[in-house]
Colleague: 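Have a look at this one before I ask anything.
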Amino acid sequence: MTLTSNRRQFLTASATSCFLAAACHHQPQKKLQFKYLLASSMYGKLPLAVIVPQIALAGASALDVWPEVHGNQREQIDEMGVESFQALLERHHTRLGCLTQFPLGPFGLTEEIKFASQLACRTIVTASRGPRGLKGQELKSAVARFVEQMKPHLETAASAGVTIAIENHSNSLIHSPDSIRWLVELPTSDKLAIALAPYHLPQDTAAISNLIRQIPGGIAVFYAWQYGEGCMTQLPKERELLQLPGRGELDFQPILQALADVDYQGWTEIFMHPFPRGIPIHPTADAVTAEINRSRDYLNQLLKD
C-alpha cells in the first residue's frame, strides 16, 4: 500500500488490527514468504565472480552489494563496469536487489540512486544523520527535522523508483523503537523506510515483535540478525556465529509471526558481522553459503511449526 499524508492514521489502524489478530490467533492469517537477499559482505572481499553463483545456492533471489570496509564489491563493479556486472548477473539468472551505502549517508545518494536505476535496483540502505543520545520530545523533533531534510532526496529516489531504507544503527539518530516508529509515521513519501536490525535493539523477542506490528508497511529490509555476543571484538568463531538465527538465544518464531501478521513483503537478509570487518565469515565461499543455509533452514522450519 502506498503511504500518503494519512500515513499516521493508516499505521495506527493497521497496528491495532495486527495486535488484535495476534491476540486471537496462534498462527498467522497469511503465510509469510521470505524474499531473501544475499549480502556480499558475508563473503568479505571475494570477487563478484565467486559470490554471484552463490546467490541461488543460498536460497536468495538477489544480491545486496556492500562497499569498503565491510566488503569491496561496490568498488569491484566500478572496476569491471556496469555492463559486465549486469552480464554476470544475467548468466546466473539473478539481479541486484539492494545497495548498502553507509559511507555516503542519506544526503549523499544522488549518484548512487542513478547507479541503482541503471541496474533496476530498487533499494538503498544507509544510516541516519543527526544528533545522538536524544530522548522523548527532543528525539521526536530531531527525527522530524531529519525527515524534512530528506524530502529532496526522496523526490530524487521516487523519480528512479528507489526506496531509501534507514538502518536502526547503534549510536545514530534512528536507533531506538521510538525513533523507528516516528520515522515511519512522519513521512508522506513511501520511499523512506526502515532496514530493521534486531541486533541493534534490546534482545527482547516480544518487544521486537510488537515494534514490527506498530510499523506495518514501514520495513523495506529485515535483517535476520541477533546480538549473540556482539561483533566488536575478536571472538572464537563459534561465539561470533551466535549473531545468526538458530545459533544465538533470540527466539525468532514470534518475530516471524509478527512479520506474517503485517503481511511483510520486503527483503529478508540473513546477516552477521565478522571481526575484523572485510573478511568472509568462513574461509571459503562454499562454507559461507552453507552457514547461511543453516540459518535459512532454521527460519524455514519456524514457518512450518
Colleague: Can you tell me if E249 has over 12 outside heavy atoms packed within less than 6.0 Å of its CD?
Modeller: no
Colleague: Within the side chain of E111, is there an N or O that forms a donor-acceptor pair under 3.5 Å with the backbone of L109?
Modeller: no
Colleague: Is R132 reaching over with its side chain to a backbone N or O of N171, donor-acceptor style, under 3.5 angstrom?
Modeller: yes
Colleague: Under a 4.0 Å threshold between the charged nitrogen and the carboxylate oxygen, would E148 count as salt-bridged to K151?
Modeller: yes
Colleague: Under a 3.5 Å distance rule, please check whether S117 uses its side chain to pair with a backbone N or O of I113 as donor and acceptor.
Modeller: no
Colleague: If you draw the axis of the six-membered ring of F115, does the NZ or CZ of R74 fall within 45° of it and under 6.0 Å from the ring centre?
Modeller: yes
Colleague: Closest approach of L211 and P177, non-hydrogen atoms and distance?
Modeller: CD1-O, 3.9 Å
Colleague: Identify the two heavy atoms, one from P106 and one from R129, that lie closest to each other, and give their separation to 0.1 Å.
Modeller: CD-CG, 3.6 Å
Colleague: Using the rule that Ile, Leu, Val, Met, Phe, Trp and Tyr join whenever any side-chain heavy atoms are under 4.5 Å apart, tell me whether L186 and F107 fall into a single cluster.
Modeller: yes
Colleague: Answer yes if the side chains of Y43 and T289 hold a donor-acceptor pair under 3.5 Å, and no otherwise.
Modeller: yes
Colleague: List the steps and the verdict of side chain to side chain contact (heavy atoms under 4.5 Å, CB included) for E240 and E229.
Modeller: CA-CA 7 Å; E240 183 178 82; E229 293 188 19; over 6 Å; no
Colleague: Measure from the side-chain N and O atoms of S209 to the backbone N and O of P254, and report whether any donor-acceptor pair falls under 3.5 Å.
Modeller: yes
Colleague: For D263 and Q265, test the side chains for any donor-to-acceptor distance below 3.5 angstrom and give the result as yes or no.
Modeller: yes
Colleague: Give the minimum heavy-atom separation between T123 and A165, together with the two atoms involved.
Modeller: CG2-CB, 4.4 Å
Colleague: Can you check whether I292's main-chain N or O pairs, donor with acceptor, with S295's side chain at less than 3.5 Å?
Modeller: no
Colleague: State, to 0.1 Å, how close P198 and L196 come at their nearest heavy-atom pair, and which atoms those are.
Modeller: CD-O, 3.4 Å
Colleague: Using only heavy-atom distances, determine whether the side chains of Q301 and D297 contain a donor-acceptor pair under 3.5 Å.
Modeller: no
Colleague: Strictly distance-based, threshold 3.5 Å: is any side-chain N or O of Q226 a donor or acceptor partner for the main-chain N or O of L244?
Modeller: yes
Colleague: With a 4.5 Å heavy-atom cut-off, do P53 and H92 have their side chains touching?
Modeller: yes
Colleague: Just wondering, do T163 and L192 contact through their side chains at under 4.5 Å, heavy atoms?
Modeller: no
Colleague: Please verify the inter-ring angle class for H169 with F102; under 30° counts as parallel, over 60° as perpendicular, anything in between as tilted.
Modeller: perpendicular
Colleague: What do you reckon, is NZ of K135 surrounded by more than 12 foreign heavy atoms closer than 6.0 Å?
Modeller: no
Colleague: Could you check V65 against C98 for side chain to side chain contact (heavy atoms under 4.5 Å, CB included), going step by step and ending with a plain yes or no?
Modeller: CA-CA 6 Å; V65 166; C98 181; over 6 Å; no
Colleague: Treat each ILVMFWY residue as a node, draw an edge where side-chain heavy atoms are under 4.5 Å apart, and state whether V50 and L57 are in one component.
Modeller: no
Colleague: Indicate whether the side chain of T205 and that of D251 have a donor and an acceptor atom separated by less than 3.5 Å.
Modeller: no
Colleague: Count the heavy atoms belonging to other residues, nucleotides or ligands that lie under 6.0 Å from CD of Q253, then report whether that count exceeds 12.
Modeller: yes
Colleague: For P280 and P283, which heavy atoms make the closest approach, and how far apart are they?
Modeller: CG-O, 4.4 Å
Colleague: Applying side chain to side chain contact (heavy atoms under 4.5 Å, CB included) to L99 and D64, what does each step give before you reach the verdict?
Modeller: CA-CA 6 Å; L99 292 163; D64 174 13; 5.7 Å; no
Colleague: With ring pair (Phe, Tyr, Trp, His ring centres under 6.0 Å) as the test, pick out the partner of H200 among Y227, W225, Y223.
Modeller: W225
Colleague: Between R296 and A58, is there a donor-acceptor pair closer than 3.5 Å when you use the side chain of the first and the backbone of the second?
Modeller: yes
Colleague: Report yes if the side chains of M232 and F275 come closer than 4.5 Å at any heavy-atom pair, otherwise no.
Modeller: no
Colleague: Considering non-hydrogen atoms only, spot the tightest contact between T94 and S61 and give its length.
Modeller: OG1-O, 3.3 Å
Colleague: Does the pair D178 and K140 meet the rule for a salt bridge (Lys or Arg N to Asp or Glu O under 4.0 Å), with working shown?
Modeller: CA-CA 8 Å; D178 281 343; K140 187 173 185 179; over 6 Å; no
Colleague: Side-chain donor-acceptor pair under 3.5 Å between Q214 and N210, yes or no?
Modeller: no
Colleague: Taking E155 first and then K191, would you say they form a salt bridge - that is, a charged N and a carboxylate O separated by under 4.0 Å?
Modeller: no
Colleague: Would you check if there is a donor-acceptor pair between the side chains of T156 and S159 at a distance under 3.5 Å?
Modeller: no
Colleague: May I ask you to decide if the ring planes of W66 and H273 are parallel, tilted or perpendicular, using 30° and 60° as cut-offs?
Modeller: perpendicular
Colleague: Hey, are the side chains of Q243 and C231 touching, using non-hydrogen atoms and a 4.5 Å cut-off?
Modeller: yes
Colleague: Kindly say whether Q101 contributes a backbone atom to a donor-acceptor pair with the side chain of T126 at under 3.5 angstrom?
Modeller: yes
Colleague: Taking the side chain as every heavy atom from C-beta outward, state whether Q234 and P276 have any pair of such atoms under 4.5 Å apart.
Modeller: yes
Colleague: Any side-chain to backbone donor/acceptor pair from E75 onto E68? Under 3.5 Å, distance only.
Modeller: yes
Colleague: List the steps, then state whether side chain to side chain contact (heavy atoms under 4.5 Å, CB included) holds for I164 with I166.
Modeller: CA-CA 7 Å; I164 300 174; I166 305 296; 4.1 Å; yes
Colleague: So, R122 side chain and A160 main chain: donor-acceptor pair closer than 3.5 Å or not?
Modeller: yes
Colleague: Within the 4.5 Å heavy-atom criterion, are E291 and R247 side-chain neighbours or not?
Modeller: yes
